[in-house]
Structure formats: structure tokens, C-alpha cells
Amino acid sequence: MSLVNDIKLTTKKAVDVLYETSIDETGITVSLTKPEFEGDYTIVLFALLKPLKKSPDVLGNELGNYLLKNHSDLFHSFNIIKGFLNLVIADTCWVNFLSKNYNNTNFGKQNISHKKIMVEYSSPNTNKPLHLGHLRNIFLGWSTAELSKATGNNVIKSCIVNDRGIHICKSMIAWQRFANNATPQSTHTKGDHFVGDYYVKFNDEYKKEIETLIGKGVEKEMAEKEAPIMKAAQQMLVDWEAGKPDVIELWSMMNSWVYEGFAETYKKIGADFDKIYYESQTYILGKNLVEAGLEKGIFYKEDDGSIWIDLTADGLDKKIVRRKDGTAVYITQDIGLAVDKYEEYKIDENIYVVGDEQNYHFKVLKLICQKMGLPSAKGMYHLNYGMVELPSGKMKSREGTVVDADDIVAEMINIAKQKTEELGKVKDFNDEELIDLYETIGLGALKFFLLRVDPKKRMVFNPEESIDFHGFTGPFVQYTYARIKSVLRKMVIAHGSWFMENADANYELSAMNYELLFPLEKNLLVQLEQFPTIVAEAAVYFDPSKIALYVFNLAKTFSSFYTEHSIAGAESEEKKYLRYMISQQTANIIQTAMQLLGIKVPERM
RNA sequence: GGACCGGUAGCUCAGCUGGAUAGAGCAUCAGCCUUCUAAGCUGAGGGUCAUUGGUUCGAAUCCAAUCCGGUUCACCA
């Protein structure tokens, strides 16, 4: 139970007793007291004035006096400024909180929700390597899943591999024609990059063929349709769905190259999945469902044989669900997959982490599932996020402006290496420890950068200015953690671990009085206490940026505190224990918060 | 054209379920390492919260209109 909640509930009770009026505690606004006023938390009285027919001063005084008298364990004093009732929380309350939780490495994790949730993320196409946009997706999906777990849910991380479709056929055609049987091994190229090169090659050839046709006097639109290489790709898709052995063989071989490449990247960035779906396996179920829907009259057939659904009555358009040549489109397999997931896991919620450019697609998908009466429609939620853009605008693979995932990861790690070497603080590390540290910092910087902004908003990445290691960044938080751990190690050496681990027992709570906590100590305690609330909020809104912001602010406050007050050399034994406990809990929370973002923290850096 | 999303400091972003004088980081400038790690700390400058109107005790926050930017409405995925 959070302190803010306690304040709300006691206030509700106070109003009940004092005025015999029942109010909803969610209607009580409790906020942090502004630094320029005395107090920790503030009850905003305006909303209560009318129903209780009181002036701000009278209500504030009556309420304040009641709270003080009946909850002296919680409140120390109060003051009223205009319509704001500022409450000073009792120091014993803070210290009790601290001694109860400072050694709990799971503090912040809670058991308040019990749903079965699938989070689908990453979901790559197997025709090209991952790029920066995928990284935002992956970090967001992974973190969201962990946040959901941290509030008690049973979470299944899943991934749909888009391993079939016309785009895959494009790489296949290009490889057939231009590769001379080259392989990733023979060219020493990472498999996903290798296949991606042929996807690019296809588009180059396609463009050339269009130009040739236009040169012969063919209309542009016609040329795009009739280019031989495109025809070949389309034929290959038909052959694939028909199960033509040589096509299937080529397809499996090229996909296996891509999977090897992806596996390497996933391992590097710490992505993992409990269940992997392949579109090549779900699309048939989708096609069958379309067939069934056609019989039920949910879909209709055009004269050319294509199958559609008319959503104009719902304010949307008509949507194709099967091509005239009988092959499945993107949405066909998504219908199948939704059913598949539900049948196997009976999930309460089915979260799709997919970019906001597909908002319309998911609106349509959910609507189709609803119209088909599928139980899986209910829990569908499209967790959409904004695109990662360059200062010049959208990343475009055709213009070569895509920031490759492997490249940016390698670059971040390299920058971490350079900076670490410049600072020269870990000269005694062996090679293994160094590599580990560079990865921790480099990936920490990258993940934090991508997770610190509201997922819903599109974000700009400027490759010219490399990602910062100062300020609101992963390395700053990691550095704060390393500094805390350094102090804690020294204190354990000086006092012995048993002594420090039982700091609360050695600390005389009774000696506390209000003047004892310095502002920075108090600020830290206030922030530490809020952590579980932040975790719950971030989980509910699927928003890791709330964690990033919180942990940064915590680290910032700690850094000020660290500069202002000595921990190991505190002015009294009491203060030493107090600050030890504060430091210990801050470290624990930083570690937990960063873990929820998928970021490791180093003991030294 | 329809639908949806966004516009806050030079730049990148918080704040948006209405509350006190709108906050961070970067960049700029000025300070701080014989004291627990300076990837740090302290301070300064920097704002018509796109515009206009409305709702009310109170609006960056809610509503409407307008302007600007984006996404989408594919027999691509």
C-alpha cells in the first residue's frame, strides 16, 4: 500500500467522521508538495469545498487537526496555503519504511494483477536484417512484458515470424538469379544481412526492368505490373503455397540463414521469446477461417474470385482477405494467429507491439474477429509506438538511410569502450570483464535512449550526434549505481557485512526527531517509497518510459545527496546507518528498475 | 478527401485522469576534484505551452474551430 493511498484513505475516513459525508477517495487529489512550501504531500481542497460547504481555511484546519490527532504515526504537522493542505509526514514513518524495505531486492515487484497475457513483439520479416525501428519494438515489447510480470501477471512473450509472402519471394528470386550459389558461409556474411542484400538486389533489378519497359513506350503503371522479375516473384508465391518442392527447399534454406543471424542479434541485445509462431504455419488456419466466414456471409466474393469484407458501415473501408489467385494476404494469417494463440493459451489479453503505421490494420483485424464472433477478439490490444526517424525524415531502405541494428549496437559498445578507456577507472579489469562492461554500458545507453520517451510518440535519432552518456541517459544511472556500490563495499570492509546487513537493528529509531532528516535524505525517501506505484503505473499503461524517468530522477537526487553528505563518513553513527540504508535501497531500486528496462548495472565503471 | 496521431526552451523530451511561480537533459556561460568514482555536483541565461474562442474558483492539461506536421485508407507486409 502506497503512502499516497494511505493519505487518501485516511482523508476519506476523516471526511466521513467529521461531516458524515461519503466521498470517493479517487476524487481526492494528493500531490507532492512544491519545494517552496513546507510539507511532503499536499491535499488539494478545492474539489471538496462545494460538497462540504466549507471555506478552504476551515476545512483545511479541521481536516489537518483530525489527521494529526488520529494518525500521529503518519502525520507530523500541517499548514494551509490557499486551498492547499500541506502535510508533513512523520519522520518515524519514513524510517520505518526504510528499515522494512532497504534490504529487499524485490522491492517494487508486486502481486496485484493475475491475468494471462501474451505480448507479441519483434515480429520481423525474414527478408532483411533488423534495424533501429525493430530495436525500439524489441526493447519496448520485452520491457512491457517484464513490467507486466512484475505486477503479478502470467506473461508469455511471443513472436510472429513473417516468413512467407511476396517479400520473401523477392529475395529468393534475386538469389536464384544472381548469387551463383553463394552462401553466408562462403561470403563470411551474417545470414540476415546476406539475404537482405538480395532483397535490395531484387529492387535494383526491378527498377531497371521498369525503366527498360518505359523506354519501350510502356506506361509506368503497366511497367510496374509487368516487369518480368516481379511476375517471377508472384509466380513463386503461388508455387510456394502449392508446395512446389524446389521452391520450398530454397525457402527453408534462405530462412535458416536469416534465423541464424537473428538469433545472434537477439542474444546480443537480450531479447527472448517463450513461443515463436511462423506465418507459414498460421496462414492456413487464416485461410480456413476466411472460407468459413465466406459461408457465414461475413465475407463476400468478387467476380474475379478475391474475397473481401465490407466495413463501410463501421466507418472503415472494404478490405481484401484473400487474393484472386487464392493466396493469403497479411491480414489473413493474423486472423488465424489470433485464434491459434487463444486456443492454445486461453489468454486474457493479447498484446501486439507493432508500429503506429499499422493502426488501421489492427482496427480492421479486431473488427473482423468481432464480426466472426471469435472469443479471441476481446483481449486484443494494439500497443502502437511511433516510428524512429532521422533528422532527414523517415528511414528508407531504398535510399540506404536505414540504421542497421547490428551496426548501431556495435557502435554503442565501441563508444562505451572509448569513453571507459579515456576515463581509465577500471585498469585492473581483465579482458572478459572489460568486454562485459562495454556491452553493459553501450547497450544500456541504447536501450535507455529508446525507452525513455513515451512509446506513443515518434522519436528522432540523429546518427551524427551519437547517443549521449551524460544527463538523462542509461550510463548516468549505471554510474550512480556503481558509485553507490563502491561506497557500500567500503563500508562493509570497515564495519563487517553482518553489522551493515542489520543496520536497522543497530539504528535507534527512537532517537529520531523531525530535524534529523536533511532535505536530500527526505527527498530520496519520498522517491524510494514511490517505486511500486510507478511500476504499477508503467505496467498498466504499457509504458517503460515512466520507469526510465523515475530511475533517472532517483539517480539525480542520489547524486546530489552523495555530493552534499558523506555516507561512510557521516557526522554520527545514526546518520551512518541511515545513509547506509538509503544507499542500499537506492541501489536495489536502480537495479530493479533497470532490469525492468532490460538494462544491466555494473558494480564498477 | 475520410479516419487517427502530434505541435511545450536553440535541440531532444517530461508534465496532459484540470491545481500553487510550466520542468529535465543536451548545447551555451560561470564555479566545484589533498574528503565515499567529476560518466558527477552547484549556479546563470533561455517559454506567446501552434493560434483563436469556450467551459470554471482555476486550463499546457477539457471542448470547438483554424494553422502546421505525420500516419493511414494497397490483390505490400
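Any value given below was found using the heavy atoms of this structure, including those in side chains, with hydrogens, waters and symmetry copies removed. Naming: A, B, ... by sequence-line order, numbering from 1 per chain.
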Q. Which base sits across from C4(B) as a Watson-Crick or G-U pair, both distances under 3.5 Å?
A.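 Check on C4(B): paired to G70(B), both distances under 3.5 Å.
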
Q. Does A64(B) have a Watson-Crick or wobble partner in any strand here, with both distances under 3.5 angstrom, and which is it?
A.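 Pairing partner: U52(B).
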
Q. Can C41(B) be described as syn, meaning its chi torsion is within 90° of 0, or is it anti?
A.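 Anti conformation for C41(B).
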
So if I take every side-chain heavy atom of [X] and compare against [options], which nucleotide ends up nearest?
{"X": "Y360(A)", "options": "C13(B), A3(B), C73(B)", "value": "C73(B)"}
{"X": "R483(A)", "options": "A77(B), U37(B), G19(B)", "value": "U37(B)"}
{"X": "T563(A)", "options": "G40(B), A77(B), C13(B)", "value": "G40(B)"}
{"X": "N359(A)", "options": "C4(B), C36(B), C13(B)", "value": "C4(B)"}

Q | Within the 6.0 Å centroid threshold, strictly below: Y278(A) and W251(A) | A |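 Centroid separation for Y278(A) and W251(A): 6.0 Å or greater.
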
Q) Would F561(A) and F558(A) count as a close aromatic pair, with their ring centres under 6.0 Å? A) yes

Q) Taking the C1' atom of each, how far is C67(B) from U52(B), in whole Å? A) 11 Å

Q.
Using the P atom as the point on both nucleotides, what is the distance between G1(B) and U66(B), in whole Å?
A. 11 Å

Just to be sure I understand the rule, does [X] reach a base, reach only the sugar-phosphate, or reach nothing, if contact means heavy atoms closer than 4.0 Å?
{"X": "L423(A)", "result": "base"}
{"X": "I441(A)", "result": "base"}
{"X": "M605(A)", "result": "base"}
{"X": "T42(A)", "result": "base"}
{"X": "E564(A)", "result": "nothing"}
{"X": "F469(A)", "result": "base"}
{"X": "V44(A)", "result": "base"}
{"X": "D543(A)", "result": "nothing"}
{"X": "I320(A)", "result": "base"}
{"X": "F552(A)", "result": "sugar-phosphate"}
{"X": "N553(A)", "result": "nothing"}
{"X": "T420(A)", "result": "base"}

Expressed in angstrom and rounded to an integer, what is the separation of [X] atom [atom1] from [N] atom [atom2]?
{"X": "E422(A)", "N": "G40(B)", "atom1": "CD", "atom2": "P", "value": "13 Å"}
{"X": "I590(A)", "N": "G40(B)", "atom1": "CD1", "atom2": "P", "value": "14 Å"}
{"X": "I547(A)", "N": "A14(B)", "atom1": "CD1", "atom2": "C1'", "value": "15 Å"}
{"X": "N203(A)", "N": "A77(B)", "atom1": "CG", "atom2": "P", "value": "14 Å"}
{"X": "F561(A)", "N": "U42(B)", "atom1": "CZ", "atom2": "P", "value": "14 Å"}
{"X": "Q358(A)", "N": "G70(B)", "atom1": "CD", "atom2": "C1'", "value": "16 Å"}

Q. Does E291(A) come within less than 4.0 Å of K287(A), counting only side-chain N to carboxylate O?
A. no

Q) Taking NZ, NE, NH1 and NH2 as the nitrogens, is one of them in K576(A) or E573(A) under 4.0 Å from a carboxylate oxygen of the other? A) yes

Q: List the steps, then state whether ring-ring contact (aromatic ring centres under 6.0 Å, His included) holds for F84(A) with F46(A).
A: CA-CA 8 Å; F84(A) 300 93; F46(A) 297 103; 5.5 Å; yes

For [N] and [X] - does any side-chain N or O of the residue sit under 4.0 Å from the phosphate oxygens OP1/OP2?
{"X": "K457(A)", "N": "A14(B)", "result": "yes"}
{"X": "K556(A)", "N": "G40(B)", "result": "no"}
{"X": "K82(A)", "N": "A20(B)", "result": "no"}
{"X": "R323(A)", "N": "C76(B)", "result": "yes"}
{"X": "R458(A)", "N": "C13(B)", "result": "no"}
{"X": "K50(A)", "N": "C57(B)", "result": "yes"}
{"X": "H470(A)", "N": "G25(B)", "result": "no"}
{"X": "S560(A)", "N": "G40(B)", "result": "no"}
{"X": "S486(A)", "N": "U37(B)", "result": "yes"}

(Q) Just to verify, what does E411(A) make a side-chain hydrogen bond (donor to acceptor under 3.5 Å, both in side chains) with, not counting sequence neighbours? (A) none

(Q) Under 3.5 Å, is there any donor-acceptor pair linking the side chain of T33(A) to the base of A20(B)? (A)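 Looking at the base of A20(B), it does not pair with any donor or acceptor on the side chain of T33(A) (distance under 3.5 Å).
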
Q.
Ignoring hydrogens and geometry beyond distance, is the side chain of D334(A) in donor-acceptor contact with the base of A77(B) at under 3.5 Å?
A.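 Result: no qualifying N/O pair found.
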
Q) Around K456(A), counting heavy atoms of other residues, nucleotides and ligands shown, do more than 12 lie under 6.0 Å from its NZ? A)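 More than 12 heavy atoms, drawn from other residues, nucleotides or ligands, come within 6.0 Å of this atom.
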
Q) Should we count NZ of K600(A) as having more than 12 external heavy atoms under 6.0 Å? A)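 No, not enclosed.
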
Q. Would Y479(A) count as stacked on G40(B) if the rule is ring centres under 5.5 Å and plane angle under 30°?
A. no

Q: Would you please determine if the base of A20(B) is stacked by F37(A), with stacking meaning a centroid separation under 5.5 angstrom and planes under 30 degrees?
A: yes

